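Heads up, the thing below is written out as structure tokens.
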Amino acid sequence: MQYDLISLQPVMPEIFMLGAACLVLVVDLFLTQRTRMWTYGLTLATLLGAIALTAWAAGPERQVLFDGSYVRDPVSDVLKIALLTITVFVMVYARDYLLQRGIYRGEFYTLALFASLGMMIMASAGNFLTVYLGLELLALSMYALVAFDRDSVKGSEAAMKYFVLGALASGLLLYGMSMLYGATGTLNLAAMSEVIAAGKAEETVLVFGLVFVVIGIAFKFGAVPFHMWVPDVYDGAPTAVTLFLGSAPKIAAFALAIRLLADGAGGLSAHWSDMLIILAVASLAIGNIVAIAQTNVKRMLAYSTISHVGFIFLGFVAADGRGYGAALFYTVVYALTAAGGFGLLTILSRKGVDAETLDDLKGLNDRSPWLAGMMLLILFSMAGVPPTVGFFAKLFVLDAVVQVDMVWLAIVAVFFSIIGAYYYLRAIKMMYFDKPIDDHPIVASVDSRVAMSVNGLAVLLLGIFPTALLQACRTAFGG
Amino acid sequence: MSADWPILSVTIWLPIIGGLLVLMSGDKAPNVSRWAALWVAILTFVVSIPLYAGFDSSTAQMQFVENVPWIPMFEVNYHLGVDGISMPLILLTTFITVLVIIAGWEVIQYKPSQYMEAFLIMEGVMVGVFSALDAMLFYVFWEAMLIPMFVIIGIWGGPRRVYATIKFFLYTFLGSVFMLVALIYMYFKSGSMGILAFHDLQLDLTEQILIFIAFLLAFAVKVPMWPVHTWLPDAHVEAPTGGSVILAAIMLKIGGYGFLRFSLPITPDASHTLDWLIIGMSLIAVVYIGFVALVQQDMKKLIAYSSIAHMGFVTLGFFIVFMIFARTEVDSGAILGVQGGMVQMISHGFISAAMFLCVGVLYDRLHSREISDYGGVVNVMPWFAVFMVFFAMANAGLPGTSGFVGEFMVILASFRADFWFAVLAATTLIVGAAYTLWMVKRVVFGEVTSEGVAALQDINAREALVLTSLAIAVLALGLWPAPLIEVMDASIGNLVQHIGVSKL
């Protein structure tokens, strides 16, 4: 088969990422600690370049390359731009933290770029192999990142847990894929969808395989009851890595779910949406209730993530464009707020001291009213209080759920969001109503302050003008 | 009519943007932020005056309408407009905010710019609640209100402020999320988020009852009605004076407004079926909470309970409508009840604000709200005593003050519904007088009881200005309520007519 350059246009962002990641790896070899700024700069340039290329290659039509193993469609465009943007924020927040921790090394950036590449591949996956390839590229980079502070016992333990459980999840996913392959005779998701629609496949085998695929997805999202790794890994990893792990990969997990469930097994939606209801309700309940008991901020945010995953799954339950659009919107918004929340923690962490307990938030309004204000917006957004964008994210999901006549599910969801509001309020209480325990001035570089401001204001402005993002999410699913 | 310029938008966004600017001015020069906040508040008040001056009281149509698409995929519009029900409440908001800013002038020393900012943002958001004609816009403003109030109570409140503010937030949040589900449901029924479209939406009785209950949870918590009132005494006691004033004078009214704008017109049949519930809860509020107020030791708590009792009149006035329909063919009694409730809301806005400010004056000097710590204040603060006694009389419903008008109208309307309702409601004239005047007797009159009281300074010019403006408002509304009633007349007539028609 012949490839001319223009037919490769859709896959340009990935090719660029791969090349640039290798370049960063090589360039970093020749840098000293003092000139490592270049690695940071090149990484940001790579990410921004990839965003630009994705935007350049974007379009309303669906393009299929490499015998259907690679798909570029509006969904993948939105996903890639979102996850790359979030990664830019992550890189900016992380730099100070790494510097102070003495782990400001080029590998962080190379691994992060490869992880992003893995996520991009997942977003554009057209068959099982591509899905798995992207997933493992992401996961292996992440395992290494979690253990990045190699002298930290806690970090190594977290990495081991993450690796073992992650490998198990991948195994389950592969097993499920093999079942689906056995039943439909194809690895290609679009072809599989046709076979299922035609009713030519044995349904028992399909559903059997589907169960494992859903479990794999739930593992990657961290949905209850497959959530055990989330708090431990979030807590054990260096905050800068938690920041990365807690934000952009959620978008990748969304990509995984949308490619496998909607594109591949769309015909089985009656089966998987029931499974997702159980996962969603359990995640909302466990996530929100257990978060109340946490005194460690990272663990609290980990449980909060679990509850947000419940909401994302609710969007899938509707199994139509409206629901997927709402879930996508929710995922992007969640990744943005999570980046801001963990970003603040990296800013608060100083040399030798990690901001870990809720007490570290105390009196933030006295120490830095502006940062406190941004964090206020982010926490209210997580709680789903208007006029922040978190409210609209919840609203659109509820709307999709009510539309398919599951008002009870909407009521369950809002009920648990009220419980959830409590621990976000408690964090705000710490920031605003308590006296600081530690009144060292906050040392933050200009770039992380700017990123925090952009992040916080984005949460507010997207709340006041949600139309553009919603439009993008909706039209991605043809709605 | 519509004006050449978007009055409502300016009234909403001017204080919000002004508040943000005040915040940015920081605390380095507190007087700059105080003056800036005052000018923003005054300017907003001035901007809102054309709403009254240019109001056409002959029609029930929405006026000063602005309508721009906001989230087109959801048919959600930035749709603003006022009628005779919401317009007076907006003016109340802009007026009270000016007073609150003045009242917090020297009192607030800790982060004054944030304090002023919170009140200004609060003002804009509350005006937004009253003028929103799109349910989603309404909901966004409704919830956004919680954020500044949460911060106000939590930062500048009393010793148990954290408990109070979290209770306040969660209580009201719990109430309102179910309303959100109801709004989404109606959106699918009607294909629109317009409140006026909801008014014409046909719903069967089961749907109506469920929607009614969802609204009831939201509005009853806000009003607050017995038995979901328990957050209010806590919030009031712990809030700084300005916070109490805004809570009592305006935020409680939003609950009452919600009944008029949503519950009654959208679910008239459910309102009719369940009116016994609301009437019962209102009468309990009036009678039982009145007695609860009697035994309070804390002045702010006493006024907080008295607010609940007074708001009971408001909901009573709104929901006796159906009984009056059943008994007489004439609508005028029904209109009287609703109008009485509305007048009561406005009047209570002035009186409760004044009462809380009076307590604030004492608190600023002696840092105590306990009734037993005072006594004989009149000997050292004669001017203050004049105001305090006057507002206490108004709170007790003395004829000639605004407190009398609303209560009288509601009692009169209750007679048309049921003799015993009227009797029960009228007990407030006795109980209300008892708890208010007894408090005044213990605090203001008698011999000077302690050295602290003996050292009190009388009110200064700033405090006198605030209290005088409220006194004028209370008297004006009490002696000549006609302009207010006239403005509401067409809108309330239309509303009563609308809810008289069954949707079934």
Side-chain angles (χ1 to χ4, degrees), chain A residues 322 325 365-366 369-370 372-373 376-377 379-380 383-388 391-392 394-405 407-422 424-426 428-434 463-468 470-471 473-475 479, chain B residues 16 20 23-24 26-27 69-74 76 78 110-111 113-114 117 125 128 136-147 150-157 161-163 165-188 210 214:
Chain A
R322 205 183 178 99
N365 188 37
D366 281 343
W370 180 254
L376 175 85
L377 290 173
L379 285 169
F380 272 124
V385 180
T388 57
F391 163 71
F392 287 99
K394 286 201 164 59
L395 172 69
F396 298 147
V397 168
L398 291 179
D399 162 82
V401 172
V402 173
Q403 194 203 13
V404 290
D405 279 333
V407 180
W408 69 270
L409 204 53
I411 290 176
V412 170
V414 296
F415 179 74
F416 283 114
S417 347
I418 299 165
I419 296 179
Y422 171 74
Y424 297 119
L425 285 184
R426 198 177 48 177
I428 295 169
K429 172 221 148 201
M430 303 272 185
M431 295 193 312
Y432 275 84
F433 311 154
D434 291 343
I464 298 175
F465 306 103
T467 312
L470 179 64
Q471 182 92 51
C473 294
R474 271 285 183 81
T475 45
Chain B
I16 293 182
L20 291 175
L23 177 68
M24 286 178 188
D27 292 323
W70 181 30
I71 311 175
M73 299 78 114
F74 272 82
V76 170
Y78 178 76
Y110 179 72
K111 293 196 182 292
S113 68
Q114 287 192 2
E117 172 240 0
V125 171
M136 197 41 61
L137 188 65
F138 174 86
Y139 189 82
V140 167
F141 280 128
W142 167 277
E143 290 278 53
M145 225 165 32
L146 296 180
I147 300 178
F150 177 75
V151 173
I152 288 169
I153 300 178
I155 298 187
W156 294 279
R161 60 185 196 275
V162 171
Y163 167 77
T165 197
I166 290 190
K167 184 171 180 181
F168 157 76
F169 191 101
L170 289 182
Y171 233 115
T172 30
F173 196 54
L174 173 77
S176 45
V177 286
F178 294 102
M179 172 166 83
L180 178 64
V181 177
L183 293 180
I184 297 176
Y185 183 82
M186 285 193 289
Y187 162 65
F188 282 114
L210 289 174

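Chain naming here is simple, since letters A, B, ... match the order of the sequence lines and numbering starts at 1 in each. All values derive from a computational prediction rather than experimental measurement.
Only the backbone of A:Ala383 comes within contact range of chain B, with heavy atoms under 4.5 Å apart. In this structure, no portion of B:Trp142 lies under 4.5 Å from any heavy atom of chain A. Of the atoms belonging to A:Phe380, it is side-chain heavy atoms, and not backbone ones, that fall under 4.5 Å from chain B. Using a 4.5 Å cut-off between heavy atoms, B:Met145 does not touch chain A at all.
The shortest non-hydrogen separation linking B:Tyr139 to A:Pro386 is O-CG, 4.1 Å. Of all the heavy atoms in B:Met73 and A:Gln471, the pair that sits closest is CE-N, 3.0 Å. Between A:Phe433 and B:Arg161, the shortest heavy-atom distance links the atoms O-NH2, 2.8 Å.
Under the 4.5 Å side-chain criterion, counting only non-hydrogen atoms from C-beta, A:Asn365 is in contact with B:Gln114. Side-chain contact check for A:Ile464 versus B:Val140: every heavy-atom pair is 4.5 Å or farther apart. Residues B:Phe74 and A:Thr467 form no side-chain contact, since every pair of their non-hydrogen atoms from C-beta on lies 4.5 Å or further apart.
Aromatic ring centroids of B:Tyr185 and A:Trp408 lie 6.0 Å or more apart. Ring pair B:Phe173/A:Tyr422: centre-to-centre distance not below 6.0 Å.
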Less than 3.5 Å apart, which donor and acceptor atoms pair up between the side chains of residues 409-420 of chain A and the rest of the protein, not counting sequence neighbours?
| from | atom 1 | to | atom 2 | distance (Å) |
| --- | --- | --- | --- | --- |
| A:Ser417 | OG | A:Ala413 | O | 2.7 |
| A:Ser417 | OG | A:Val414 | O | 3.3 |

Could you go through the side chain to side chain contact (heavy atoms under 4.5 Å, CB included) check for A:Asp366 and B:Lys111 one step at a time?
CA-CA 9 Å; A:Asp366 281 343; B:Lys111 293 196 182 292; 3.2 Å; yes

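Per-residue heavy-atom pair counts under 4.5 Å with chain A were compared for B:Phe178, B:Tyr187, B:Tyr78, B:Phe150, and the maximum is reached by B:Phe150. Of the listed residues (B:Val181, B:Val162, B:Val76), the one with the most heavy-atom contacts under 4.5 Å to chain A is B:Val162.
Under the salt bridge (charged side-chain N to carboxylate O under 4.0 Å, His left out) criterion, A:Arg426 pairs with no residue at all, not counting sequence neighbours.
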